[in-house]
Every structure is written in structure tokens, then in C-alpha cells.
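Beneath this line is the structure, given in C-alpha cells, with notes to follow.
Order of appearance sets the numbers: ligands from 1, and atoms from 1 within every ligand.
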Amino acid sequence: MIELILGQVLSFGADAMAEGPGAARHEARGAVALEAGRILAVGPAGDLRARYPAAPVTDMGDKLLSAGFIDTHVHYPQTAIIASWGKRLIDWLGTYTFPEEMRFADPAHAERVAKTYFDLALAHGTTSMCSYCTIHPASVEAFFLEAEARGVRALAGRTCMDRATAPEGLRDTAQAAYDESKALLERWHGRNRLSYVITPRFSPTSTPDQLLALGSLWAEHPDCLMQTHLSEQVDEIAWVKSLYPQARDYLDTYETFGLLGANAVYGHAIHLAPREMARLVEVGAGLAHCPTSNTFIGSGLFDTAGMAAAGLRVGLATDTGGGSSFSMLRTMAAAYEVAQLRGVALHPAQLWYLATTGAARLLRLEEKVGNLAPGMEADLIALDLASTPAIAQRAARAENVWEALFPTIMMGDDRAIAGVWVGGKRHR
Ligand code: GUN
Ligand code: ZN
């Protein structure tokens, strides 16, 4: 059955980081035609109504229809410790994160948190995400089962740690990391809308043997993504140097063990040395920018414009619970503010791109999600661009779509999400 959704329609025809607002397409009175979980057509409402006269219509009025948001780096197991006070990265991990992740030894806890996480993500208009789990296979099972039950396109992996820097009870071995990651990969990768991601947490919590084992697993499954953390805080970089004295730099600790490649997604990547930057560009690796986390934990100011100009694929990410919000709107606002502190004003089109089409490119999903175009999977959101009195009075002055959208980017949250469709089905 063909179905029509009417509203303002925002989509991308090109890379907005490279081309700015000219990369976006805006249809003031537009429509999206859906059929069997996919987008059949996008265009002016009048044209699509004439083409599909028998199709039922959901008229969202002047709500803005967009591809659903894609969160490129999140730790769903940290849902319950979001907004924990007063620590920087290494102390924050030890004080809040590792104790909470230990609770995922109980599969019932993992199931509860996975449910809460997906409720929150969807309520905030996030229809795809790439998550870290914990060391426990049951944490991966819980995540994928919940995603599958809701029909969400989701990516995740078992977070591997075998070094004494990780606490007892949250440590595996190089062999266990390989075996359990492989078993999960074989069970989940490519099943329905799910993908497995090979996930060493970061160099400080893995031995060289474990990094090597996961590098081998990746070499056996090169179509999988590999995600990890890179150069988030200055203290962390010093720690890496002390643990890997022979390494040229932080990236080298991954490169040496087969964990550098075009399907790698590095979270943070704030304090890169010129060699690291050059290697990332050379191999075509991607970066997840986590601006609310980088300000919340005090990590630093990611160079969004510089990284994109160098040709690196970049996507936005909440990094919940290091990040302080589940909202990709709040994440766009933080990305804008961080860029301003570096002297760059990212255009609303660029911010939106980094949370949708650009995020999909980062995760190698650009043929499937992240844009409204024929053939794409029907993951859509409808945004109320006047969701609070403060936003409404500012948007009322807008003279074009970007002025109308920017107050929602800067001040919006889940109240702006007026509709969510996952695989063509209305979720809320
Ligand atoms: N580096 C290693 N693990 C983590 C984590 O869970 N959160 C953040 N923000 N950085 C990390
Ligand atoms: Zn992270």
C-alpha cells in the first residue's frame, strides 16, 4: 500500500559540509510517498497527490519532514549515569561508568536499560544509532533484540577490555574478546536491520594481544565497522604513551594491530598530531564528533570544519552517558557552539547534514538511511518548529527555512519531535 505524508520536506542532494546550504533541498509544501517500508517518491505535495490519488494521507501541516537522526557513537549501557557530576575522563570512567557497566552481568538489567534507551532515543527522533555495549554478550543481545523488536536499523558491538587498567569483573582476555565478538558478529551482523561493529573500548584498556586479536577479526570481516576512542583528552593521550612507549602516537597503537582502515569510526579525535591526521585522511577513516560529551567531560574543541575540509567523513554523536543529552538537536547546538569557539559558524544545513546524511555516510549506511529519497528506508521524523513559546516567537520572525530551523536546533529537544516513522511504520 502506498501512503503519503505531507509537510515541509528537507533532504540533501550533496555534501553540505563541502557545499553549504546549496546541498540541501527544501520543499515548502512537500510530500513523501512510502511503500513497503521504503520511500517511493519525494516532491511537491500537489504532484504526489495527483500521482497517487488513492493513497491515504497524513498531513503534518507545516511540520518539517526529515530523515530520522542518526547517533554515530553512543554507550547505551550508560543511560542511567548520564549527567554524573564533577569528573574528567579517566576518573569519570572509574567512578561512574565501570561500576554501572558491571551491572550488565545481569541480563535482566541489560534488558531494562535497552528498553529505556530505545524509548528515549526514539522519543528524541533518533532512528538509527551505533552503540557500544559492555563486555557481557548479554548486553549485546539485549540491545539487538530491542532494536529488532522495534524494527530499528542499529549497529553495536561488545566492548572489549582485557588490561589490568579495567576493573576485575569487567575484563576478558584477548581470546575471549575474539571468540565472543565473533560469535555475536555471526549471529547478528546483517540480520534484519542490524549490523555488528568490532569494538575495542580504547588502547588503555586493551593489551596489545587483544588489539591484535580484534584486528584479525576485522581482517576476516572487513565489511564490518570497527569503532573505538581516539585522542579524547590530553591526560588520556599521556596514559596511552606510558602504556605503549614504542608507539609513534595514539593512532599508531591501533594501526600497529590492524585497527586502522576505511571502515573505522573513531570517537572524539580532538587532539590529533599531524601524522595521525594524515594517516586518517590517507586511509579514509571516519570520525564521530561528540560535542556535548567533549564540553561536559572537559575534553576539548573538535575541529569539525577542518576535518571535513581535509576530506574526512564526520558524523554527530551524543556519546551518552559521557554526553549530556539524548537529543541530536542539543548535539547540533553544542557542535555549533564548539565550532564558534574555534571561529567557525557552521550553517544549519551543515549541522542537520552531520546528524542525518553525513552520519549515514560515516556509518556506511548512505544507501539505506539518513536522507529522504526514492529507495531509501522509510525512517522519518516530523519536527514542530514552534515547540516551545521561546522557539515559536523567534521562528515567527524567520524569513527562510534556515532561520525557521535554527531556533529549534539551538533550543529544541524531544518536544519538537511531532512524529517518528521507523521502516515506514508510525512509531509516535
Ligand atoms: N573512552 C573510553 N571509554 C569511554 C567512554 O565510555 N566514554 C567516553 N566519553 N570516552 C571513553
Ligand atoms: Zn564513547
Exercise. Has the side chain of Thr159 got a donor or acceptor atom that lies under 3.5 Å from a matching backbone atom of Ile135?
Worked result: no

For this session: Assess His73: does it contribute an N, O or S atom lying under 2.8 Å from the Zn ion (ligand 2)?
Result: yes

Problem set entry | Close-contact set for ligand 1 against Phe202 heavy atoms, below 4.0 Å | 1 (N), 2 (C)

Exercise. Could you walk me through whether Glu276 and Arg279 pass the salt bridge (charged side-chain N to carboxylate O under 4.0 Å, His left out) check?
Worked result: CA-CA 5 Å; Glu276 295 178 294; Arg279 280 300 283 148; over 6 Å; no

For this session: Please name the atom of His229, restricted to N, O or S, that is closest to the Zn ion (ligand 2).
Result: NE2

Problem set entry | Close-contact set for ligand 1 against Leu93 heavy atoms, below 4.0 Å | 3 (N), 4 (C), 5 (C), 6 (O)

Exercise. How far is atom 7 (N) of ligand 1 from its nearest protein heavy atom, and which residue and atom is that?
Worked result: Trp92 CZ3, 3.4 Å

For this session: Check the pair His229 / His73 against ring pair (Phe, Tyr, Trp, His ring centres under 6.0 Å), numbers first and verdict last.
Result: CA-CA 10 Å; His229 296 85; His73 176 134; 4.8 Å; yes

Seminar exercise, completed: Taking only non-hydrogen atoms of Leu89 and a 4.0 Å limit, the atoms of ligand 1 in range are 8 (C), 10 (N), 11 (C)

Exercise. Is Tyr132 near ligand 1, meaning one of its heavy atoms is under 4.0 Å from it?
Worked result: no

Exercise. Given Asp319, which of Ser299, Ser293, Ser325 fulfils the side chain to side chain contact (heavy atoms under 4.5 Å, CB included) condition?
Worked result: Ser293

Problem set entry | Pair Asn294-Glu232, side-chain hydrogen bond (donor to acceptor under 3.5 Å, both in side chains): steps then yes or no | CA-CA 8 Å; Asn294 296 341; Glu232 180 176 0; over 6 Å; no

Exercise. In Asp319, what N, O or S atom is nearest to the Zn ion (ligand 2), if we give its atom name?
Worked result: OD1

Seminar exercise, completed: Checking distances from the Zn ion (ligand 2), one finds that the N, O or S atom of His75 closest to it is NE2

Problem set entry | Aromatic Tyr266 / basic Arg313 pairing, under 6.0 angstrom, 45° off normal | no

Exercise. Is the closest side-chain heavy-atom distance between Phe143 and Arg158 below 4.5 Å?
Worked result: no

Problem set entry | Nearest protein heavy atom with distance in Å, relative to atom 3 (N) of ligand 1 | Arg201 NE, 2.8 Å

Exercise. For Glu101, is at least one N or O under 3.5 Å away from an N or O on ligand 1?
Worked result: no

Exercise. Would you find a donor on one side and an acceptor on the other, under 3.5 Å apart, between the side chain of Arg153 and the backbone of Ser128?
Worked result: no

Exercise. With no hydrogens and no angle check, is any side-chain donor or acceptor of Gln227 less than 3.5 Å from a backbone partner on Ile198?
Worked result: no

For this session: May I ask you to decide if Phe12's main-chain N or O and Asn371's side chain share a donor-acceptor pair within less than 3.5 Å?
Result: yes

Seminar exercise, completed: Quick note on ligand 1: atoms under 4.0 Å from a heavy atom of His75 include exactly 5 (C), 6 (O), 7 (N)

Exercise. With a cut-off of 2.8 Å, does His268 place any N/O/S atom under that distance from the Zn ion (ligand 2)?
Worked result: no

Problem set entry | Test item, Glu236 contacting ligand 1 (heavy atom, 4.0 angstrom) | no

Seminar exercise, completed: Asp319 heavy atoms within 4.0 Å reach ligand 1 at atoms 8 (C), 9 (N)

Exercise. What protein heavy atom sits nearest atom 10 (N) of ligand 1, and how far away is it?
Worked result: Glu232 OE1, 2.7 Å

